[in-house]
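Naming convention: chains lettered A, B, ... in sequence-line order (proteins, then strands); numbering from 1 in each chain. This structure is a prediction, so every number in the text was calculated from the model and none was measured.
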Protein chains: 2
Amino acid sequence: MQNTEEPETVEDDDPRRMLGGFIRVQRQMANLSLRQLSAMTEISNPYLSQVERGLHEPSIRVLKSIADALNVSAEILFEQAGLISGTEKLGDEATESAIRADQRLTDPQRHALLGVYRSYVETNRSGETTRKKTTRKEA
Amino acid sequence: MQNTEEPETVEDDDPRRMLGGFIRVQRQMANLSLRQLSAMTEISNPYLSQVERGLHEPSIRVLKSIADALNVSAEILFEQAGLISGTEKLGDEATESAIRADQRLTDPQRHALLGVYRSYVETNRSGETTRKKTTRKEA
DNA sequence: ACCAATCGCTTGGCATGCCAAGCATACCCA
DNA sequence: TGGGTATGCTTGGCATGCCAAGCGATTGGT
């Protein structure tokens, strides 16, 4: 950080703050102190504090153990981290991915469910007005 | 590095190698050289090389731009990275919440799809034949 | 035979992740 | 009033992420 003074907004990187805030809220909802979460995740409490305030971008390992300890599906955390949705077409594919990865389904069931899902989407597309369909690339 | 000698097997961390290998395969399938991928991702080619060989654990930012450039949905990469291993409960929630959040579905469709999904899960629970559930646990 | 281009890889180093130790505050109970 | 314990935060430094520069091997055109 080159910010020697001025307790300004971080303004450096938004996603970090969003992610941190989200984590903090989740932790508080679970009635956990930083040290308690620290014990569960094997991550030091100061670092957790910094992550929650958006001062650091946690590594994958850290992010996963946090998600794990807070009982938040990792995908949701990644979404918050700006990984998955955002500028992507993945919003559309999220459901498909989830179904594909679902271990509670047999292969035929998976296939059937995907079929139903796609038919719904297709139906809506044909009778739809202006749907926001951002098919695009990222810089 | 606590490995003072032995330039041999990495044997240090498996998931890293798995992830790296997966990325390398994807890149080669797309017929891209390291430098080409480097240009697309804005990540240096040496570092990509190291990641692919499992010498480093890439940050979220890096992982995302790789997934992006290779046209691989980020979730799949995370799966490979051992992040989203299916703790049954979370897998369940992932699918349901994905469906619930899917904006391409109308409310009745959402409801119907959830119904179908739940009935499948229920069916499997009573059927209970071959269980191939990879119950992953980590240190 | 040579040079040019391209491949993947190694190396040195700056930037950042992450932690151990310690500080300040607030709440309790004797 | 003073000590015990809980909270979140700051700081110094080791470990790791990540990159610019450069190297040896391979291919192909002249």
Side-chain angles (χ1 to χ4, degrees), chain A residues 1-7 10 12-13 15-17 19-21 23-70 77-78 81-83, chain B residues 1-10 12-13 15-17 19-21 23-70 77-78 81 83 139:
Chain A
M1 286 301 184
Q2 64 277 46
N3 202 353
T4 43
E5 300 239 358
E6 292 296 319
V10 175
D12 162 31
D13 206 342
R16 284 215 288 250
R17 298 223 27 196
L19 174 64
I23 292 175
R24 171 152 294 190
V25 166
Q26 291 302 120
R27 176 175 63 81
Q28 289 170 338
M29 274 182 168
N31 273 318
L32 292 169
S33 74
L34 279 175
R35 281 172 224 267
Q36 284 172 328
L37 183 58
S38 169
M40 301 169 68
T41 54
E42 312 241 279
I43 292 164
S44 76
N45 80 76
Y47 188 59
L48 284 177
S49 170
Q50 290 167 343
V51 165
E52 287 188 351
R53 283 177 302 141
L55 303 183
H56 283 290
E57 173 169 18
S59 76
I60 292 171
R61 235 181 38 247
V62 166
L63 209 47
K64 166 155 174 53
S65 49
I66 291 175
D68 227 49
L70 290 178
L77 260 196
F78 299 146
L83 277 165
Chain B
M1 288 296 199
Q2 63 276 41
N3 202 352
T4 43
E5 301 251 351
E6 293 294 326
E8 285 305 321
T9 59
V10 177
D12 164 29
D13 205 341
R16 284 215 288 248
R17 297 222 29 196
L19 174 63
I23 291 175
R24 171 153 293 190
V25 166
Q26 291 301 120
R27 176 176 62 81
Q28 288 170 339
M29 273 183 169
N31 274 318
L32 293 170
S33 74
L34 279 175
R35 282 175 223 266
Q36 284 172 329
L37 183 58
S38 168
M40 299 170 70
T41 54
E42 312 241 280
I43 291 163
S44 76
N45 79 77
Y47 188 58
L48 284 176
S49 170
Q50 291 167 343
V51 165
E52 286 189 351
R53 284 177 301 141
L55 303 183
H56 283 290
E57 173 169 21
S59 74
I60 292 170
R61 234 181 38 247
V62 167
L63 208 47
K64 167 159 171 51
S65 49
I66 292 175
D68 226 51
L70 290 178
L77 262 196
F78 300 146
L83 282 164

Which pairs, with at least one residue in residues 28-55 of chain A and sequence neighbours excluded, count as a ring pair (Phe, Tyr, Trp, His ring centres under 6.0 Å)?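 Listed once each, the pairs are Y47(A)-H56(A).
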Between [X] ([atom1]) and [N] ([atom2]), how many Å, whole number?
X      : N       : atom1 : atom2 : answer
E52(A) : dC9(D)  : CD    : P     : 8 Å
E57(A) : dC18(C) : CD    : P     : 9 Å
L37(B) : dC19(D) : CG    : P     : 12 Å
Y47(A) : dC9(D)  : OH    : C1'   : 16 Å
I43(A) : dA20(C) : CD1   : P     : 12 Å
L55(B) : dA15(D) : CG    : C1'   : 16 Å
I23(B) : dG8(C)  : CD1   : P     : 15 Å
I66(B) : dG17(D) : CD1   : C1'   : 12 Å

For [N] and [X] - does any side-chain N or O of the residue sit under 4.0 Å from the phosphate oxygens OP1/OP2?
X      : N       : result
H56(B) : dG17(D) : yes
R61(B) : dG17(C) : no
R53(B) : dT10(C) : yes
S49(A) : dC9(D)  : yes
S59(B) : dT16(C) : no

How about [X] and [Y]: do any of their side-chain heavy atoms sit closer than 4.5 Å?
X      : Y      : answer
L48(A) : I66(A) : yes
S65(A) : I43(A) : yes
P46(B) : L34(B) : no
L70(A) : T41(A) : no
V51(B) : L63(B) : no

I'd like to know if N45(A) reaches the base of dC19(C) with its side chain such that a donor and an acceptor end up less than 3.5 angstrom apart.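 Counting by modelled atom types and ignoring angles, no donor-acceptor contact under 3.5 Å is found here.
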Kindly compute the distance separating [atom1] ([X]) from [atom2] ([Y]), expressed to the nearest 0.5 Å.
X      : Y      : atom1 : atom2 : result
I23(A) : Q28(A) : CD1   : CD    : 12.0 Å
L19(B) : R17(B) : CG    : CZ    : 12.0 Å
R53(B) : R24(B) : CZ    : CZ    : 7.0 Å

What salt bridge (Lys or Arg N to Asp or Glu O under 4.0 Å) pairs are there with at least one residue in residues 25-41 of chain A, not counting sequence neighbours?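 Pairs touching residues 25-41 of chain A that pass the test: R27(A)-E52(A).
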So which atom in P58(B) and which in I60(A) form the shortest heavy-atom distance, rounded to 0.1 Å?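 Distance-wise, the nearest heavy atoms are O-CD1, 3.4 Å.
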Look for any protein N or O under 3.5 Å of an N or O in nucleotides 5-7 of chain C and output each such pair with its distance, or none.
from, atom 1, to, atom 2, distance (Å)
dC7(C), OP1, S33(B), OG, 3.0

Qualifying residues under side-chain contact (heavy atoms from CB on, under 4.5 Å), relative to Q36(B), sequence neighbours excluded: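 For Q36(B), the residues satisfying side-chain contact (heavy atoms from CB on, under 4.5 Å) (neighbours in sequence not counted) are L32(B), S33(B).
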Can you check nucleotides 11-14 of chain D for protein contacts, nitrogen or oxygen pairs under 3.5 Å, and list what you find?
none

Angle between terminal axes - the helix from dA1(C)-dT30(D) to dA30(C)-dT1(D), 5 pairs each end, rounded to 10°: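 That helix gives 0° between its end axes.
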